[in-house]
Amino acid sequence: MSYNSIAIACPELPLPVKDPQSGENGTVRHMQIKTRLSPKKAIGFLHRNYAPPSLSHTFLQLVKYASDSIDTPGASPLIAMLGEKGAGKTSAAEAAYYLVDGEMPEVFDCGDRSLDELLWEPVIADSSRSLVARLEQRYNSGTINPLNKTFIEAELGEAIRSAETGEKTLDFGLIGPERIQAATKAIDTALKLEGISAVAGIDISYKEGPLIRVWRAAQEAQKKGQDRPCRLIVDEIDKRQPNSGKSLQQVWLVIQGLRESHTVSKNGMEFSFSRKDMPSGFSVVITGNDARDLGGEAQSGLSQSQATRMTILPVGESTEEDLTHRICQFLTGIPFGVLDLLPQNGKAKGKLLMELRALGSEETVNQEQTWLLENQERTLQAARQLAGFMTEWAKLVDPENPLIDDPDMEANAAFREPVGVRKIQSLIIRALKNDLFDINFAPAEPSPNPVQSLLNQSTGAQAKEEGIGERLCRVILEDIPRCS
């Protein structure tokens with residue numbers, strides 16, 4: 001699959017963009033990119049996954065860097081997206097790369113992990129496979145100690161595969177590399193409880209990590225004359241294990257063009273990074289809260305001078321407008337809340353939204369979303385009201401709110417769910433489960449005759465089901481005690 005040049009913005013259908021410095025709204029009326037997607041798929045995907053206002057400028061910059069790197073290997077190979085937690089940096093980076101490459105990049109979650117795992121990921125060693133296999137066999141045959149079964153399901157739940165029949169099987173191969181170190185302790189305990197091993201018997205080995213994998217895969221594809229993207233997102237670097245990543249320092253130098261080559265090795269395995277062999281389209285995006293997450297070898301493996309040579313893409317502060325954007329996207333599949341450049345006529349706008357929602361997508365636009373898009377003015381009004389409510393709710397449960405003089409707020413903060421984008425998404429998903437399409441923005445119907453209501457109940461006639469608007473209100477009311 002080759003890359004082709006297409007236009008993703010024109011004067012008739014410009015892209016909204018907010019300046020991160022001034023906060024002023026603007027437009028992009030001309031933009032061409034390299035992509036492996038067809039024009040229909042690219043333009044449709046772009047509008048369905050367009051970044052919220054605070055991220056729009058950074059999103060389009062990343063799209064441009066990704067596109068430019070196809071013809072210019074080594075162009076902006078190391079990029080940092082820095083902004084507040086929960087702003088949507090990772091999803092924006094994924095969307096930017098998919099728009100250009102037609103496939104999602106690999107994501108390395110730094111949460112409580114060593115950055116050295118970018119090079120070499122831990123796995124259960126072959127020498128311990130027989131012990132693990134015996135434990136799996138006992139669980140799957142139902143001969144395992146009941147107490148041990150309960151322990152495994154509580155501590156190693158990710159290794160349990162559940163069938164539609166309700167049958168459960170144990171497969172330690174399901175445990176991802178990010179959990180191996182912690183999981184081996186639980187496996188050792190389970191082996192002892194089962195009497196399979198009286199001592200700690202699980203050994204750790206290593207395999208090639210994501211940085212080596214994406215580099216090698218792209219090199220091998222290019223040798224065959226194929227175009228293959230070589231992208232990696234290092235997500236939430238502020239959550240990595242401290243004092244990790246030192247083995248990466250020389251690799252970062254090669255990627256930044258400050259060193260010609262470097263070879264890394266582990267347990268008899270080795271891999272060479274060479275600047276002259278850098279694959280076309282190679283780039284690494286690091287997400288973090290601010291520049292302090294990057295500086296210092298003990299933090300990211302990047303020296304202070306290396307960090308200053310990175311391409312820094314700042315993300316603006318999230319606003320109520322961002323929440324409106326996300327709510328529209330969750331409800332309808334397209335974030336039309338910020339696309340104010342569309343035709344002002346209600347019917348024309350609804351028609352264009354429907355066209356963009358379906359353009360190049362194999363997904364069927366359901367009846368519910370069709371109704372919401374056709375009534376986009378009322379949908380947008382409701383989304384803005386919900387965004388305002390969620391913004392005030394977040395302030396009320398923020399223990400750092402200076403208006404709240406309650407010593408219990410800070411003490412109980414760890415037991416409350418944060419009120420943010422993920423919370424909004426979960427609430428809307430729960431409200432949508434009924435497959436209703438009447439969002440109840442229309443005027444309420446006149447109340448029926450009281451006698452007829454009584455007769456309806458006596459004859460088993462069903463009352464009108466809740467609309468999604470009512471359902472969402474009820475879900476929120478149920479959820480408030482858990483977050484407040």
Side-chain angles (χ1 to χ4, degrees), residues 15-26 28 46 49-66 76-100 104-105 107-113 115 231-240 245 283-296 299-300 302 304 306-330 335 337-338 387 390-391 394-395 398 400-401 418-425:
L15 295 172
V17 62
K18 177 170 284 190
D19 186 282
Q21 304 299 326
S22 66
E24 294 181 358
N25 292 316
V28 174
L46 172 65
N49 296 275
Y50 200 71
S54 65
L55 260 167
S56 57
H57 185 270
T58 293
F59 171 71
L60 291 181
Q61 278 187 299
L62 187 55
V63 170
K64 185 178 186 304
Y65 287 136
S76 303
L78 203 53
I79 300 169
M81 291 178 68
L82 304 178
E84 63 182 33
K85 180 181 178 182
K89 300 181 289 292
T90 304
S91 57
E94 288 178 316
Y97 281 143
Y98 184 88
L99 181 62
V100 173
M104 287 294 185
V107 179
F108 178 85
D109 183 356
C110 294
D112 198 30
R113 297 178 69 181
L115 284 183
R231 321 287 193 181
L232 177 64
I233 298 175
V234 181
D235 191 30
E236 296 187 306
I237 197 169
D238 50 297
K239 294 184 178 179
R240 78 278 177 224
S283 58
V284 176
V285 167
I286 297 174
T287 70
N289 294 336
D290 56 50
R292 290 173 295 181
D293 296 331
L294 303 175
Q299 294 186 48
S300 62
L302 284 160
Q304 200 71 44
Q306 285 174 296
T308 59
R309 293 188 181 96
M310 292 180 67
T311 301
I312 305 294
L313 299 181
V315 176
E317 291 187 8
S318 295
T319 65
E320 203 169 296
E321 188 180 20
D322 284 8
L323 288 182
T324 301
H325 174 105
R326 297 295 189 92
I327 291 167
C328 288
Q329 188 176 41
F330 296 151
V338 296
M390 298 301 290
T391 299
K395 291 177 183 177
D398 183 358
E400 297 182 2
N401 186 343
V419 176
V421 172
R422 292 183 180 89
K423 166 61 66 180
I424 294 174
Q425 185 177 25

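What you are looking at is a predicted structure, and each value in this text was computed from that prediction instead of being measured. Heavy atoms only: backbone and side chains are in, while hydrogens, waters and symmetry mates are out.
Annotation: salt bridge (Lys or Arg N to Asp or Glu O under 4.0 Å) contacts of E236 (sequence neighbours excluded): K239.
A distance of 9.0 Å separates OG1 of T287 from CG of D109, quoted to the nearest 0.5 Å. Rounding to the nearest 0.5 angstrom, the gap separating the CZ atom in F59 from the CE atom in M81 is 9.5 Å. The structure places CG of D238 at 11.5 Å from CD1 of I286, a figure rounded to the nearest 0.5 Å. Separation of atoms CG (L323) and SG (C328) is listed at 11.0 Å; rounding is to 0.5 Å. A distance of 5.0 Å separates CG of L313 from CD of Q61, quoted to the nearest 0.5 Å. Between atom OG1 of residue T319 and atom NZ of residue K18 there is a gap of 5.0 Å, rounded to the nearest 0.5 Å.
Residues V63 and L46 are not in side-chain contact: their nearest non-hydrogen atoms beyond the backbone lie 4.5 Å or more apart. With contacts defined as side-chain heavy-atom distances shorter than 4.5 Å, the pair L115/C110 qualifies.
With a 6.0 Å radius and a threshold of 12 heavy atoms from other residues, nucleotides or ligands, E84 has its CD atom above the threshold.
Side chain of T58 to main chain of P314: a donor-acceptor pair is present (N/O by atom type, distance under 3.5 Å, no hydrogens or angles). Of the possible polar contacts, none joining the D235 side chain to the T90 backbone as a donor-acceptor pair under 3.5 Å is found. Of the possible polar contacts, none joining the R113 side chain to the G111 backbone as a donor-acceptor pair under 3.5 Å is found.
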Problem - Working for side-chain contact (heavy atoms from CB on, under 4.5 Å), residues L62 and Y97 - result: CA-CA 8 Å; L62 187 55; Y97 281 143; 4.1 Å; yes

**Prompt:** Would E94 and N49 satisfy side-chain contact (heavy atoms from CB on, under 4.5 Å), going step by step from the backbone distance to the final call?
**Reply:** CA-CA 10 Å; E94 288 178 316; N49 296 275; over 6 Å; no

Please lay out, stage by stage, how F108 and V284 fare under the test side-chain contact (heavy atoms from CB on, under 4.5 Å). CA-CA 11 Å; F108 178 85; V284 176; over 6 Å; no

- Message: Go through it in stages, so that I can follow the logic: the residues are Y50 and L60, the test is side-chain contact (heavy atoms from CB on, under 4.5 Å), and I'd like the CA-CA distance, side-chain angles, deciding distance and then a yes or no.
- Response: CA-CA 9 Å; Y50 200 71; L60 291 181; 3.5 Å; yes

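I327 and A387 make their closest contact through CD1-N, 3.7 Å (heavy atoms, listed as atom of the first residue, atom of the second, distance). Of all heavy-atom pairs between D322 and E317, the closest is OD2-O, 4.4 Å. Closest heavy-atom contact between G88 and R326: CA-NH2, 3.3 Å. In plain terms, the two heavy atoms of V315 and A87 that are nearest each other are CG1-CB, 4.2 Å. The shortest non-hydrogen separation linking H325 to A51 is CE1-O, 3.3 Å. The nearest pair of heavy atoms linking G288 to K89 is O-CE, 3.4 Å.
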